[in-house]
Amino acid sequence: MTTQWVRFRWDLGAVLQGTRPTQPPFVFRSATAEDAEAVSRVISSGFSLDSAWGDVSKGFIEQVRKLADDAFEQPEPPCVVVQHGTRVIGVSVVTTDPTAGNHLVTGPCILHEYRSRGLGSLLLYFSLEFLKDRGLQTAYGVTRARTVAARFVYAKYGSASEPCDFGSDPESYASIAA
């Protein structure tokens with residue numbers, strides 16, 4: 001069976017108009033090097049416990065985790081985190097390369113016990129804002145078709161979408177996110 005993917009596009013100048021959303025007591029902020037371990041845990045949990053990703057090869061998830069680890073080798077990791085108290089409960093690793101075919105490397109990942117509160121959508125907003133603040137005018141995000149992310153998260157903020165076929169090889173996903 002072939003995995004179906006969809007790529008979303010946002011015009012960052014048009015998307016981020018108006019009031020910046022908030023949802024106390026949750027804090028959205030740029031990640032620091034000290035967040036690397038927590039980010040890795042949230043990513044692992046997000047993919048391994050989500051049934052929509054259960055049939056994806058282990059190689060794909062390892063590739064996403066490697067891309068996230070690589071992001072933390074940079075002086076300022078391109079990652080947005082969500083904190084509840086002192087606990088990191090959501091992450092979104094991005095790439096700021098304007099030529100990338102996928103800027104949302106991990107997509108918004110929220111721990112299961114914090115899902116269905118609108119945090120994924122807010123994390124997407126802050127990820128897009130992060131990219132805009134670093135000079136991008138357009139951002140892309142790739143996810144599996146018919147997932148919660150595709151239907152309820154990425155479809156927000158004026159996105160346009162199109163089918164995306166990069167194959168089933170994990171290296172193909174890495175090539176569009178690099």
Side-chain angles (χ1 to χ4, degrees), residues 6-43 46-47 63-111 114-115 117-143 147-150 152-162 164 173-178:
V6 61
R7 185 168 90 152
F8 290 82
R9 177 180 45 81
W10 294 269
D11 173 354
L12 298 180
V15 168
L16 305 174
Q17 301 296 325
T19 306
R20 188 179 203 211
T22 61
Q23 189 172 10
F26 303 102
V27 175
F28 295 80
R29 63 171 177 80
S30 295
T32 64
E34 291 78 26
D35 294 316
E37 188 177 317
V39 166
S40 182
R41 278 194 308 267
V42 172
I43 292 168
F47 282 103
Q63 187 64 43
V64 170
R65 205 173 301 134
K66 181 187 178 325
L67 291 168
D69 290 345
D70 291 349
F72 277 85
E73 292 179 9
Q74 299 180 36
E76 294 182 22
C79 178
V80 178
V81 298
V82 183
Q83 255 185 257
H84 184 218
T86 59
R87 183 179 185 202
V88 173
I89 56 118
V91 304
S92 177
V93 177
V94 300
T95 179
T96 58
D97 177 355
T99 65
N102 179 22
H103 295 99
L104 304 176
V105 175
T106 62
C109 295
I110 304 291
L111 291 176
Y114 289 91
R115 290 189 179 180
R117 300 179 191 198
L119 294 172
S121 295
L122 287 173
L123 184 53
L124 172 63
Y125 179 92
F126 284 95
S127 299
L128 297 174
E129 182 179 69
F130 183 96
L131 293 168
K132 181 181 180 183
D133 289 348
R134 279 138 186 93
L136 274 73
Q137 296 176 356
T138 303
Y140 297 96
V142 175
T143 190
T147 60
V148 169
F152 302 113
V153 179
Y154 284 30
K156 296 190 181 214
Y157 309 118
S159 67
S161 65
E162 64 187 14
C164 175
Y173 184 81
S175 71
I176 64 169

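A heavy-atom distance below 4.5 Å is found between the side chains of Phe26 and Arg117. Taking 4.5 Å as the limit, some side-chain heavy atom of Tyr154 sits within range of a side-chain heavy atom of Pro108. Inter-residue side-chain proximity for Val39 and Val81 is flagged as met; some heavy-atom pair is nearer than 4.5 Å. Side-chain contact between Leu131 and Thr96: present, with at least one pair of heavy atoms (C-beta onward) separated by less than 4.5 Å. The closest side-chain heavy-atom distance from Val42 to Leu111 is below 4.5 Å. Contact of the Leu12 side chain with the Gln137 side chain is not registered, since no non-hydrogen atoms from C-beta on lie closer than 4.5 Å. Contact of the Arg115 side chain with the Leu119 side chain is not registered, since no non-hydrogen atoms from C-beta on lie closer than 4.5 Å. Between Phe8 and Leu124 the shortest side-chain heavy-atom distance does not fall below 4.5 Å.
Taking each heavy atom of Thr143 and Ala150 in turn, the nearest pair found is CG2-CB, 3.8 Å. The two residues Ser30 and Arg134 make their nearest non-hydrogen contact at OG-NH2, 4.1 Å.
Under the side chain to side chain contact (heavy atoms under 4.5 Å, CB included) rule, Ile43 has a single partner from Leu67, Asp69, Thr106, which is Thr106.
Judged by distance alone, with hydrogens and angles left aside, the side-chain atoms of His103 form a donor-acceptor pair with the main-chain N or O of Asp97 at under 3.5 Å.
For residues 31-40, every residue pair satisfying the salt bridge (charged side-chain N to carboxylate O under 4.0 Å, His left out) rule, not counting sequence neighbours, is listed here: Arg29-Asp35, Glu37-Arg41.
Residues meeting the ring-ring contact (aromatic ring centres under 6.0 Å, His included) test with Phe28, sequence neighbours left out: Phe126. Checked against salt bridge (Lys or Arg N to Asp or Glu O under 4.0 Å), Arg9 has no partners two or more places apart in sequence or in another chain.
The neighbour count for Glu76 CD, taken as heavy atoms of other residues, nucleotides or ligands under 6.0 Å away, does not exceed 12.
In this structure, the separation between OG on Ser127 and CH2 on Trp10 is 9.0 Å, given to the nearest 0.5 Å.
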